Amino acid sequence: MSLSRREMVAGLGALALPPSPPPPPPAGQDVRPSPPPAGVAAPVGTAPERLAEDEGFWSRVARQYRVTRDFVNLENGYYGIMPEPVRRAYHRNTDHLNEVNSYLLRTTYKDQADQVRRRIATMLGVSMKEIALTRGGTEALQLLIAGYRRLRPGDSVMYADLDYHSMQYAMNWLSDRRGVRVQKLVIPEPATRQAVLDAYAAAFLEHPRLRLLLLSHMNNRTGLVVPVREIVAMARERGVDVIVDAAHSWGHLDFTMDDLGADFAGFSLHKWMGMPLGAGFLYIRDSRLADIDVAFHDETFPREDIRSRVHSGTLDVAPFLTAGTALDFHDALGAAAKQARLRFLRDRWVGQVLDIGNLEILTPEEPAMYGTITAFRITGRTSEAENVAIATDLMKRYRIFTVHRGGPARGDCVRVTPALFTTRDDVDLLATAVRDIARRMRA
């Protein structure tokens, strides 16, 4: 019996396809990964930290990206551009989908979608039945927040000042929707591992009716990475559930779901996994599925199927058809090598400016608490206008593109986000520019 159009679209996700639609793979068989691009595979036996300093290797990786030479792009936190193998596959898949149309969706689609979910699950160390594909991290997290069923009037929910604004809005919405109180925690500055743990421990004691916590693994404002597993454990002892925002950390840091310990999480595929825009997924521990509402009373899938928690209608299928190529590229490098390189780039420029008296770096010098995203602030320059002006100055004087970020309780900042194609010279130029700006603002 063929699947309906509605059933096909609701489980969206597939691997890159050849020019003509193939027969579905046998049940339970993983799709064979394609060969990695020449020169991109991390050399066997080389420690990730040592490889991170090998500019020859990373210049070969950088050649896999088409990047403008008009400016130095250090604002890659919005989304991650596709490497060339992914970009080419995306174009082929867009053309192929346009040619065969619903034939693809009504023949090979469902089995291929399951292979994508299985592959993601294997990478995260979970079961395929705990993964559902979405249009991005925002949709995944909104579905988890809005669908969380265990809140009662008078309960409290909490987020931090550094959490993503769209997720803060969704938590605020629970006040009207569920009749709960919304609490806001301020992440301490300067942030240290112990200071962050102490802040959450104090918040749990202060709010005994707290039932739901939003927790960013790596936040989008300053790039701070918090000790998620320890915070989740503290929360669980007090009957508090945690929804983890892992949109920026997956494909950026080397971890599995077991390292987080959470029952609910939302992920992006178009940031550090380099897929086309419009792709993500959510995770719900199988034993906790009943605690998230079925989306809009969906009847496409049974209530015991996680895919019933997502109902997006007709989507752009091409990004998901390209998932296999993007995950192949990630696997060729390896999560450990990517993490080491991205941290190296951050350390390279930050290490050159730590001596500047009127400069504040908003991630600590604890490697487990940052990746490549880092924000800085000129002491006393905390307004939106002042930080927009700093980002503008970086672009006009040095042709370095960064972005102003608001949200931190102690004031606005400028966010810097290198990428895998960023060179040592790029971040050295940034260090020179930041030193110049701090000098001029001090004067």
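Any value given below was found using the heavy atoms of this structure, including those in side chains, with hydrogens, waters and symmetry copies removed. As the structure is a computational prediction, the values presented were derived from the model and not from experiment.
- Taking each heavy atom of P408 and C413 in turn, the nearest pair found is CG-SG, 4.2 Å.
- The closest donor-acceptor contact from the side chain of R211 to the backbone of V180 lies at 3.5 Å or more, if one exists at all.
- Side chain to side chain, Y148 and D241 meet the donor-acceptor criterion of an N or O pair below 3.5 Å.
- Counting heavy atoms from C-beta on, the side chains of E206 and L185 never come closer than 4.5 Å.
- T363 and R346 share a donor-acceptor pair across their side chains, judged by distance under 3.5 Å alone.
- Between D114 and R117 there is a salt bridge, since at least one side-chain N of the basic residue sits less than 4.0 Å from a carboxylate O of the acidic one.
- Contact of the H270 side chain with the P319 side chain is not registered, since no non-hydrogen atoms from C-beta on lie closer than 4.5 Å.
- Between D436 and R440, at least one side-chain nitrogen of the basic residue sits less than 4.0 Å from a carboxylate oxygen of the acidic one, meeting the salt-bridge criterion.
- Under the side-chain contact (heavy atoms from CB on, under 4.5 Å) test applied with V350, the options V427, L345, I361, L359 reduce to a single match, I361.
- More than 12 heavy atoms of other residues, nucleotides or ligands lie within 6.0 Å of CZ in F71, so this atom counts as buried by the packing criterion.
- Of the possible polar contacts, none joining the D298 side chain to the A295 backbone as a donor-acceptor pair under 3.5 Å is found.
- A donor-acceptor distance shorter than 3.5 angstrom exists from the side chain of R229 to the backbone of D258, with no hydrogens or angles considered.
- Distance alone, capped at 3.5 Å, is enough to place a donor-acceptor pair between the N358 side chain and the A438 backbone.
- Taking the six-membered ring wherever Trp is involved, the centroid distance between the rings of W250 and F281 falls below 6.0 Å.
- A donor-acceptor pair is defined here as one N or O able to donate and one able to accept, closer than 3.5 Å; such a pair exists between the side chain of R343 and the backbone of Y370.
- For E55 against F344, the heavy-atom pair with the smallest separation is OE2-CE2, 4.0 Å.
- Going from atom CG of N73 over to atom CG of D426 covers 9.5 Å, rounded to the nearest 0.5 Å.
- When the shell of 6.0 Å around CZ of R87 is examined, it contains more than 12 heavy atoms from other residues, nucleotides or ligands.
- Panel note: side chain E130, backbone A121; no donor-acceptor pair is recorded below 3.5 Å.
- For CZ of R177, the number of neighbouring non-hydrogen atoms (other residues, nucleotides, ligands) closer than 6.0 Å is 12 at most.
- Remark: D286 engages K129 in a salt bridge, criterion side-chain N to carboxylate O under 4.0 Å.
- Within the 4.5 Å cutoff, side-chain heavy atoms of R150 are placed close to those of R288.
- Between E75 atom CD and H404 atom NE2 the span is 12.0 Å, to the nearest 0.5 Å.
- R381 has no carboxylate O lying under 4.0 Å from a charged side-chain N of D393, or vice versa, which leaves the two without a salt bridge.
- The shortest side-chain heavy-atom distance between F204 and E237 does not fall under the 4.5 Å cut-off.
- In this structure, K184 contributes its side chain and D161 its backbone to no donor-acceptor pair below 3.5 Å.
- Here the CD-CD distance, from Q194 to E230, works out to 10.0 Å after rounding to the nearest 0.5 Å.
- Under the 3.5 Å distance criterion, with hydrogens and angles disregarded, no donor-acceptor pair is assigned to the side chains of T417 and N76.
- Results of the side-chain contact (heavy atoms from CB on, under 4.5 Å) test with V225 over M218, H248, H252 single out M218 as the only residue that passes.
- Between the CG atom in L141 and the CG atom in L144 there is a gap of 6.0 Å [rounded to 0.5 Å].
- With V157 as reference, L212 is the one residue of V240, I243, L212 to meet the side-chain contact (heavy atoms from CB on, under 4.5 Å) rule.
- Heavy atoms from other residues, nucleotides or ligands lying under 6.0 Å from OH of Y398 number more than 12.
- The distance from atom CZ of R435 to atom CD of Q352, rounded to the nearest 0.5 Å, is 8.0 Å.
- Residues E386 and I378 fail the side-chain proximity criterion, which asks for heavy atoms closer than 4.5 Å.
- Listed for the D176 side chain is no donor-acceptor partner under 3.5 Å among the backbone atoms of W173.
- Side chain of R149 to main chain of A290: a donor-acceptor pair is present (N/O by atom type, distance under 3.5 Å, no hydrogens or angles).
- Between the side chain of W349 and the main chain of T432, no donor-acceptor pair closer than 3.5 Å is present.
- Atom CZ of R341 sits about 8.5 Å away from atom CG of L420, to the nearest 0.5 Å.
- Taking 4.0 Å as the cut-off between side-chain N and carboxylate O, R60 and D54 do not count as a salt-bridged pair.
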